[in-house]
Amino acid sequence: MRANSVLLAPGEAGVNELGYPRTWAGPWHGGAHAFRACPMCATDPARGTALVWQLPLTISCGEHGCRLENAIAVRVALNLNELPPPTPVEEPLATLDRYTYAALATGRVDLPGRSVHAGVWFRLLRSLVDEVSVAESTLRMHARTTLEQVWEATGLPYRAGLNTWRPYERLDWEIQQAMLLAAATALHLAAEGEITARGRLASAIQPPRDQYVYDGDQPLPALTAWQEAVIQAEMKMADARSNPDAARQMLAWMTLSCTTMTEFETERAYLFGAGIPASFLPSAAELGRSDLI
Ligand SMILES: [Zn+2]
């Protein structure tokens, strides 16, 4: 956790211990957050609901740009034919959501520093919402000033008044929204050059600048395209460990260039060794590879 910092210099964010219960379902999962719907999508019976509306990841509907509202309230108002007008989402949250929807729709996000793969974007965003929740007392001067600037610009108290640190997914939806606002504000301030992000992913969120002087620690180089590729691969592997379809797809992909059964079995054994259950990994025959010798 916290290996890919954004605002804070590598290592500075420290490691937060999970309180009780110690289990953590992983990024974006398992929180008690609002069950939301788009009031404009709701008026079209042909539309369903989007899975992303149930995750504490976005504020708005990707298509209409309006605020997602409590789904029950939307349903009731619709039945009474008294749907209030949709609320537009203001900057900087609108930009944050635009990035997230671009990641979901196209697999890439054009950030002020460079274009990144969707997997990198979700890591970056998850790191940001975490970093803005770090207790001030654990930070060095530069980071403390940066985070104070961010929270001041949001108009909210420091870390929205949170007393005890908890993973983002375990915060109430109200506090999660404040963390998203702080993350969006940090992105805006970094893009404008009003704060200097110093983490490993910092170069993605701020335009390239002349060399600036760091106060103390040696910054790690920014992630290379290969390191981003590794993140992508790790994410695919993580998915394949719990999702038979993803595992099957990965095996099919990794064995595309195999011409013999032995090569196929070598790749299959590799995936099994990497923690993908054998039952998720079909045989060559099951994959329709009758061409192997
Ligand atoms: Zn909508």
Side-chain angles (χ1 to χ4, degrees), residues 25-112 115-130 132 153-156 160 168-189 191 204-205 235 239 243 245-246:
W28 315 117
H29 288 287
H33 38 76
F35 175 46
R36 298 175 301 155
C38 166
M40 290 186 77
C41 288
T43 58
D44 180 351
R47 275 174 201 275
T49 56
L51 175 66
V52 66
W53 296 346
Q54 313 318 330
L55 300 177
L57 184 60
T58 59
I59 298 287
S60 63
C61 166
E63 184 169 342
H64 297 108
C66 59
R67 243 188 115 77
L68 296 169
E69 308 288 356
N70 178 291
I72 309 291
V74 168
R75 178 50 52 105
V76 170
L78 193 65
N79 287 343
L80 295 174
N81 212 7
E82 287 174 359
L83 211 54
T87 315
V89 171
E90 311 276 335
E91 293 295 350
L93 280 169
T95 295
L96 179 77
D97 276 5
R98 200 160 51 242
Y99 290 153
T100 297
Y101 281 112
L104 292 168
T106 69
R108 290 204 77 82
V109 188
D110 291 329
L111 295 173
S115 164
V116 297
H117 181 269
V120 175
W121 166 249
F122 288 114
R123 278 203 176 194
L124 191 157
L125 178 56
R126 184 60 184 72
S127 295
L128 260 184
V129 294
D130 182 53
V132 295
T154 65
L156 297 171
Y168 178 75
E169 290 71 18
R170 290 217 203 113
L171 300 172
D172 294 336
W173 172 232
E174 289 303 316
I175 305 271
Q176 286 175 335
Q177 290 181 80
M179 296 303 172
L180 284 176
L181 176 61
T185 304
L187 286 173
H188 171 73
L189 294 177
I205 67 163
M235 292 181 57
D239 191 23
N243 176 345
D245 290 338

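For ligands, and for the atoms within them, numbers begin at 1 and follow the listed sequence. For this chain, numbers begin at 1 and follow the sequence in order.
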Apex the Zn ion (ligand 1) - arms SG from C61 and SG from C38 - angle rounded to 10°
110°

Are Y168 and V132 close enough that some pair of their side-chain heavy atoms sits under 4.5 Å apart?
no

Is a side-chain N or O of D97 found less than 3.5 angstrom from the main chain of S60, in a donor-acceptor match?
yes

To check you understand the geometry: which heavy-atom pair defines the closest contact between E69 and T87, and what is its length?
OE2-OG1, 3.5 Å

Among the N/O/S atoms of H64, select the one at the shortest distance from the Zn ion (ligand 1) and name it.
ND1

What I'd like to find out is whether the side chain of L187 reaches to under 4.5 Å of the side chain of T95, using heavy atoms alone.
no

Can you tell me if an N/O/S atom from C41 lies under 2.8 Å from the Zn ion (ligand 1)?
yes

